[in-house]
Structure formats: C-alpha cells, structure tokens
Participant: 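Supplied in structure tokens, the structure appears directly below.
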Protein chains: 2
Amino acid sequence: MARRNDHTKEEIREMIVSSGLNLIKNSGFSGFSTRQIAKEIGYTIGTLYNVFDNYDDIVLHINATTLDDMGKFIEEGLNPKLKNANAIKQLAKLYIDFAHKNRNSWSALFEYNIPPESDLPEWYNQRIEKLFSIVESLLSEFINKKSEALKHAKVIWASIHGICVLSLTQKLNVAGTASVEILTDSLIENYLRGLEK
Amino acid sequence: MARRNDHTKEEIREMIVSSGLNLIKNSGFSGFSTRQIAKEIGYTIGTLYNVFDNYDDIVLHINATTLDDMGKFIEEGLNPKLKNANAIKQLAKLYIDFAHKNRNSWSALFEYNIPPESDLPEWYNQRIEKLFSIVESLLSEFINKKSEALKHAKVIWASIHGICVLSLTQKLNVAGTASVEILTDSLIENYLRGLEK
DNA sequence: ACCTGAACACCGTTCAAGT
DNA sequence: ACCTGAACACCGTTCAAGT
C-alpha cells in the first residue's frame, strides 16, 4: 500500500469522473456518493480529495461530461438539409431524446446547484456556451434582425428546456416523449410565426 | 419525558413543515435536514418519523407550501383589468418576482426529485394542477379553439419556467429580473401573435 | 511523493424501552 | 398512546502516518 503508482494523477481523475457518471446513470443522483466512487475504482476515499478539491468539484466535472455528450448527440443527429422551423423542431426533438435516454445524468445537471454565494467556474460556463452556440447558429440563418438573434435563441432554448424539464419530472401531467414533442412543436411553430409577422 | 402531549399530531406536522421551510429559506436546500428540524422544534428525531412517512414525505409537504404561497402571490398580484397578452405578461412577471424573492424555497421545488420509479402523490399533483388552472383560465379567455387552451397553457407556463430557471441559475448569461422579463415578453408576444394568425 | 484509513461531524431510519 | 434516544448504516472531509 501507499505509493502504488498504478495510475497517473490524470488517469485517476478520469477514473473518478467516469465511475461517478456510471453511478449516476445507474442509481440516479441521490444514489451517488464519493465513497461509492472510491469503492468502485479501488482507491480509498482520501485519494479522491487528493486529486479533486471537494464534492462540488467532482460533480461539476461529471456534469461537464454530460454536457459534452449532449452536444455530441445533437450535432451528430442534426440533419443539415432541414431548414428554419424544421431545423429547430429537430433540435428540440434531439434535446428531448437525449434527456429521455440519459434521464439520470441529465437530471443531475439540474438537481445539483452550487451554493448561491459562489459562481460556476469559468471552464464549466464555457461548456454551456458551446452547447448554446449550436442553437444560436441554427437560428441566425433565418432571423432578419441579426441583432435580435441571440435573444430569440435564448428564449427558444430556455423554453424547450422548460417544457422538457417539467414534462420529464411529471409536473405537466404529460406522458411519453411523443406528447412532449407536441408541446415543443407548438412552441416553435407559433413563436417563429409570430416573429415573421 | 415521553407522553408530553404538548401538541396534537396535526400541530406537530405543521411545526415540522414550517420549520423546514424556514431552514430552506435561510440556508438553501442543501443546508436542510430532518435532524435540524427536530432540533428547532424541540422534539427528537424519532417524532418526525412518527407523524411523517419519511424524508420525501416531509420535503413534499414543504414544497407544497411553497406552491401554495406562489399561487397566492400570483392571484393577489394579478390586475383583473389587464387582458390577453398583457395579462400573461404580468403572470410571467409575477412568477419571476416570486422566484427571485423566494429563491431558495423556489429552487427546492426542482432540486428535489422523487426517485424515478415512484410517482408524485395525488395530493401533490392537485396543488400543481391548481396553479395551472390560473394560467389556463387567463388563456382560455381569448383562445378560439377552447380544446387547445390547455396545451397552450402548458407551453407558456413551462416556457416561462424554463426562461426563469436558466436565468436565475446563471445558465443564460442574463443578469437582473428586468432582462429576464425581456425574454418572457418576447416569448409571450410572439407565441400569441403566432396563435392569432 | 503517493496513498491510506482512522477520526470527526454530520446524515435518514428504525424500534425497543420508558412514562 | 406518545415520545425518546440509542443503534445502524451511511455521508463529506481532513490529515497524521506509513511506504
């Protein structure tokens, strides 16, 4: 024991994050703990706090992985032939699909909140920004007033998220991804039609 | 000790819920625990589990109180003279104001999620339903197809929520309630204009 | 330098025992 | 009948001590 040197510091960090993500995927965020991670990767609890600052630091890195996975899922799923409203609708569908297929890790994104006095670290904000830029670029293609494209991107993205989050957490009396899509479709159709006028 | 009979079972339940709500308001959901409640109300931990099923049962009752408070806040704030889009905009403003003024208890509504295998209890769903009915009745006044009013109410309500949640948790790069209102106003204007067409 | 594991101050939950 | 509080199986976090 001690001084095993089986893995580099960076390898241990990766083991922690990937094992933590698996724990969340299998048992939900409430069934997740750093002690469980330690048990699974075969290091003791002390080692986790050797390579990460604290619990929040670990959760944030796990959630960042989920954000990356979501970005990849959306980018790969987008059909470049679709235009305008249809492109946004597909974006919404991909968001819903990802959330549905990765319910536990997606939920963890919102079940965990940093204490209100502290701010999200810069590297984490950049991961969010990156996701967001996908929506923005889809919208900017067909919005006349370019200066307002960012505002509309925010409205649409946040609204899709709101519909998705309330549906999947059973706060809208809506069942199944098909009926969630009816709501996001209605949002997109009417909002964009309103913009055209 | 034992058999104090200082309070009825119902009184103890109320003490637990109101003390728990205060804990959340002052320290956030993460600074909340049933043991803290016990300490604050002057009963031992065992008593809490005498009058409530478990942790989830307690949190759900605290959150239901917040839902009720929100309903009251919105109903009292609504100006009955406002019509159509202006009425919905005011609804959004009231939602944002409530969330902003009661950030911790409002956050707790979403930071806590029942385990995915179980369902929300019926009495809790009814509290959500009651809140909805406010939005629904505001909308039904000027929607032609009455049969679709519920769908649109869900879309608008969930979208307002989405804008609010991503703004207040700093995931939209938006600061201050004023700029959140710009987004909800844009949502409502365009969605309703889209409906009219 | 790397890693351990005991120690500390917390959790939610149960239930035999006291009045 | 009502309430207690010890007991259990967990937490996150720290840090002296081992190799």
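Keep in mind that the numbers below use all heavy atoms, side chains included, and drop hydrogens, waters and symmetry copies. Letters A, B, ... mirror the listed sequences (proteins, then strands); counts begin at 1.
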Participant: Quick test of your reading of the model: are Glu189(A) and Lys89(A) salt-bridged, counting only N-O distances below 4.0 Å?
Facilitator: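 Looking at Lys89(A) together with Glu189(A), the answer is yes, because their closest N to O distance falls below 4.0 Å.
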Participant: Does dC3(C) have OP1 or OP2 under 4.0 Å away from a side-chain N or O of Tyr43(A)?
Facilitator: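 For dC3(C), OP1 or OP2 has a side-chain N or O of Tyr43(A) closer than 4.0 Å.
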Participant: Does this structure show an ion pair linking Glu148(B) with Lys151(B), if we count only N-O contacts that are shorter than 4.0 Å?
Facilitator: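 Yes, Glu148(B) and Lys151(B) are salt-bridged.
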Participant: Looking only at the aromatic ring of each residue, does the gap between the centers of His152(A) and Tyr191(A) stay below 6.0 angstrom?
Facilitator: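 Ring centroids of Tyr191(A) and His152(A) are less than 6.0 Å from each other.
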Participant: Side-chain N or O of Thr47(B) less than 4.0 angstrom from OP1 or OP2 on dT4(D)?
Facilitator: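 Thr47(B) to dT4(D) OP1/OP2: side-chain N or O found under 4.0 Å.
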Participant: Tell me whether the OP1 or OP2 atom of dT14(D) has a side-chain N or O from Tyr49(A) closer than 4.0 Å.
Facilitator: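 Looking at the OP1 and OP2 atoms of dT14(D), neither is under 4.0 Å from any side-chain N or O of Tyr49(A).
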Participant: Rounded to whole angstrom units, what separation is found between the OH atom of Tyr55(A) and the P atom of dC10(C)?
Facilitator: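 So the OH-P distance, Tyr55(A) to dC10(C), works out to 18 Å.
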Participant: Please answer whether the main-chain N or O of Ile24(A) pairs with a side-chain N or O of Ser27(A) as donor and acceptor at a distance below 3.5 Å.
Facilitator: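 Judged by distance alone, no pair lies under 3.5 Å.
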Participant: Name the nucleic acid region contacted by Asn50(A), choosing base, sugar-phosphate or nothing; use a 4.0 angstrom heavy-atom cut-off, strictly under.
Facilitator: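 Answer is base: heavy atoms of Asn50(A) come under 4.0 Å of a base.
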Participant: Can you check the Lys39(A) NZ to dT4(C) P distance for me, whole Å?
Facilitator: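 Atom NZ in Lys39(A) sits about 15 Å away from atom P in dT4(C).
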Participant: Roughly how many Å is it from CD1 in Ile37(B) to C1' in dG12(C), rounded to a whole number?
Facilitator: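 Nearest whole value for this atom pair: 12 Å.
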Participant: Which sits closer to the 5' end of DNA chain D, Lys9(B) or Arg35(B), going by the nucleotide each is nearest to?
Facilitator: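 In this pair, the answer is Lys9(B).
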Participant: Rounded to whole angstrom units, what separation is found between the CG atom of Asp56(A) and the P atom of dG12(D)?
Facilitator: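 Rounding to the nearest Å, CG of Asp56(A) and P of dG12(D) are 11 Å apart.
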Participant: Would you kindly give the CG-to-C1' distance between Leu48(A) and dC15(D), to the nearest whole Å?
Facilitator: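 In whole Å, dC15(D) C1' lies 15 Å from Leu48(A) CG.
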Participant: With a 6.0 Å cut-off on ring centres, are Phe110(A) and His161(A) close enough?
Facilitator: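 Phe110(A) vs His161(A): aromatic centres under 6.0 Å.
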Participant: Please state how far atom CD1 in Ile16(A) lies from atom C1' in dG12(D), giving the value in whole angstrom units.
Facilitator: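 My rounded result for the distance is 14 Å.
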Participant: Taking NZ, NE, NH1 and NH2 as the nitrogens, is one of them in Lys93(A) or Asp97(A) under 4.0 Å from a carboxylate oxygen of the other?
Facilitator: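 Yes.
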Participant: OP1, OP2 of dT4(C) versus side-chain N and O of Arg4(A): anything below 4.0 Å?
Facilitator: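 For dT4(C), OP1/OP2 do have a side-chain N/O of Arg4(A) under 4.0 Å.
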Participant: Can a donor-acceptor pair be found between the side chains of Tyr43(B) and Arg4(B) at a distance below 3.5 Å?
Facilitator: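 There is such a pair between these side chains.
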Participant: Requiring both pairing distances under 3.5 angstrom, list the stems that contain DNA chain C and are made of three or more consecutive Watson-Crick or G-U pairs.
Facilitator: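 When the pairs of DNA chain C are grouped into runs of at least three, the stems are C:4-8 with D:12-16, C:12-16 with D:4-8.
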Participant: Measure from CG on Asn5(A) to C1' on dC3(C) and round the result to the nearest Å.
Facilitator: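 Those two atoms, CG and C1', are 10 Å apart.
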Participant: Closer than 4.0 Å, any side-chain N/O of Gln36(A) to the OP1 or OP2 of dC10(D)?
Facilitator: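 False: Gln36(A) side-chain N/O out of range (4.0 Å or more) of dC10(D) OP1/OP2.
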Participant: Taking only side-chain N and O atoms of Thr44(B), does any of them lie within less than 4.0 angstrom of OP1 or OP2 on dC3(D)?
Facilitator: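 No, no such contact exists.
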Participant: Taking CD1 from Ile45(B) and C1' from dA7(D), how many angstroms apart are they, rounded to a whole number?
Facilitator: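 It works out to 14 Å between those atoms.
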Participant: Mind checking Ile12(A) for me? I need base, sugar-phosphate or nothing, with any heavy atom below 4.0 Å counting as a touch.
Facilitator: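 If one applies the 4.0 Å heavy-atom cut-off, Ile12(A) turns out to touch the sugar-phosphate alone, with no base involved.
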